[in-house]
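We use all heavy atoms of the structure for the numbers below, so side chains are in, but hydrogens, waters and symmetry mates are not. Treat the numbers as computed from the prediction; the structure is a model and nothing was measured. Along the sequence shown, the residues carry numbers beginning at 1.
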Amino acid sequence: QVQLVESGGGLVQAGGSLRLSCAASGSIFLKAMGWYRQAPGKQRELVALISHAGSTNYADSVKGRFTISRDIAKNAVYLQMNNLKPEDTAVYYCNFYLGPVNWGQGTQVTVSA
């Protein structure tokens, strides 16, 4: 089964930026991929989606601030996060949008006020 490894999280002040990376051990070619996040005490939510064709969609809460992209040759998906807010604090995960595999460990993003 494909394994996913997220990285790039950290502690940042409000208004700052981070770029998250997701490395897949198998091909993401023609696969829709999503970035998800889970804040303490809350359910995991989808924040950004890139379709198999490359179109993108975002949750309203991150629209205009986050950008999802991918490098098919590297089997990697990225999430550029700008103008971060304290409410973006969460563990961020990537996964296949259809037919998700086992979740990775995620990467912690903490935004201080």
Side-chain angles (χ1 to χ4, degrees):
Q1 191 179 45
V2 175
Q3 294 185 328
L4 303 165
V5 179
E6 301 90 351
S7 62
L11 173 64
V12 64
Q13 288 187 329
S17 298
L18 285 172
R19 185 180 190 237
L20 306 184
S21 298
C22 170
S25 63
S27 176
I28 65 169
F29 181 59
L30 293 180
K31 303 287 188 181
M33 298 293 297
W35 276 100
Y36 302 76
R37 68 185 180 188
Q38 187 167 21
K42 295 188 177 181
Q43 288 190 327
R44 187 173 290 153
E45 62 172 342
L46 177 67
V47 296
L49 171 67
I50 185 163
S51 76
H52 71 284
S55 60
T56 58
N57 282 284
Y58 301 92
D60 287 344
S61 58
V62 307
K63 202 170 292 184
R65 300 187 298 121
F66 289 13
T67 303
I68 188 171
S69 62
R70 65 185 179 184
D71 186 332
I72 294 174
K74 295 183 178 179
N75 293 323
V77 185
Y78 307 99
L79 187 67
Q80 178 66 43
M81 307 187 295
N82 298 328
N83 191 21
L84 283 160
K85 303 177 180 181
E87 50 264 42
D88 295 319
T89 295
V91 179
Y92 285 71
Y93 305 86
C94 67
N95 213 323
F96 295 91
Y97 180 65
L98 298 174
V101 298
N102 291 336
W103 295 92
Q105 291 189 332
T107 186
Q108 175 71 48
V109 172
T110 303
V111 185
S112 62

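- The stretch residues 83-113 participates, sequence neighbours left out, in these ring-ring contact (aromatic ring centres under 6.0 Å, His included) pairs: Tyr36-Trp103, Tyr93-Trp103.
- By the 4.5 Å heavy-atom criterion applied to side chains, Val77 and Ile68 are counted as neighbours.
- Among residues two or more places apart in sequence or in another chain, the side-chain contact (heavy atoms from CB on, under 4.5 Å) test is passed with Ser27 by Phe29, Asn75.
- Note on residues 45-70: no pairs pass ring-ring contact (aromatic ring centres under 6.0 Å, His included), not counting sequence neighbours.
- For the atom pair Asn95 CG and Trp35 CH2, the distance stands at 10.5 Å (nearest 0.5 Å).
- The side-chain hydrogen bond (donor to acceptor under 3.5 Å, both in side chains) test applied to Ser51 returns Ser55, not counting sequence neighbours.
- Between Ala48 and Leu46, the shortest heavy-atom contact is O-CD1, 3.4 Å.
- For residues 40-81, the set of pairs meeting the disulfide (SG to SG under 2.5 Å) definition, not counting sequence neighbours, is empty.
- Annotation: side chain to side chain donor-acceptor pair (under 3.5 Å) contacts involving residues 104-113, sequence neighbours excluded, comprise Gln108-Thr110.
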Contacts table for residues 38-45: side-chain donor-acceptor under 3.5 angstrom, sequence neighbours left out:
from: Gln38; atom 1: NE2; to: Lys42; atom 2: O; distance (Å): 3.1
from: Glu45; atom 1: OE2; to: Arg37; atom 2: NE; distance (Å): 2.8
from: Glu45; atom 1: OE2; to: Arg37; atom 2: NH2; distance (Å): 3.4

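- Following chains of ILVMFWY side-chain contacts shorter than 4.5 Å, one cannot reach Val47 starting from Val91, and the two form parts of different hydrophobic clusters.
- Atom CG of Leu49 sits about 8.5 Å away from atom OG1 of Thr56, to the nearest 0.5 Å.
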Under 3.5 Å, which donor-acceptor pairs do the side chains of residues 3-21 form with other protein atoms, sequence neighbours left out?
from: Glu6; atom 1: OE1; to: Gly106; atom 2: N; distance (Å): 3.0
from: Glu6; atom 1: OE2; to: Cys94; atom 2: N; distance (Å): 3.1
from: Ser17; atom 1: OG; to: Asn82; atom 2: OD1; distance (Å): 3.0

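- A salt bridge (Lys or Arg N to Asp or Glu O under 4.0 Å) check over residues 53-72, counting only residues at least two apart or in different chains, returns the pairs Asp60-Lys63, Arg65-Asp88.
- Contacts classified as disulfide (SG to SG under 2.5 Å) and involving residues 40-92 (residues at least two apart or in different chains) are not found.
- For residues 77-87, there are no salt bridge (Lys or Arg N to Asp or Glu O under 4.0 Å) pairs, not counting sequence neighbours.
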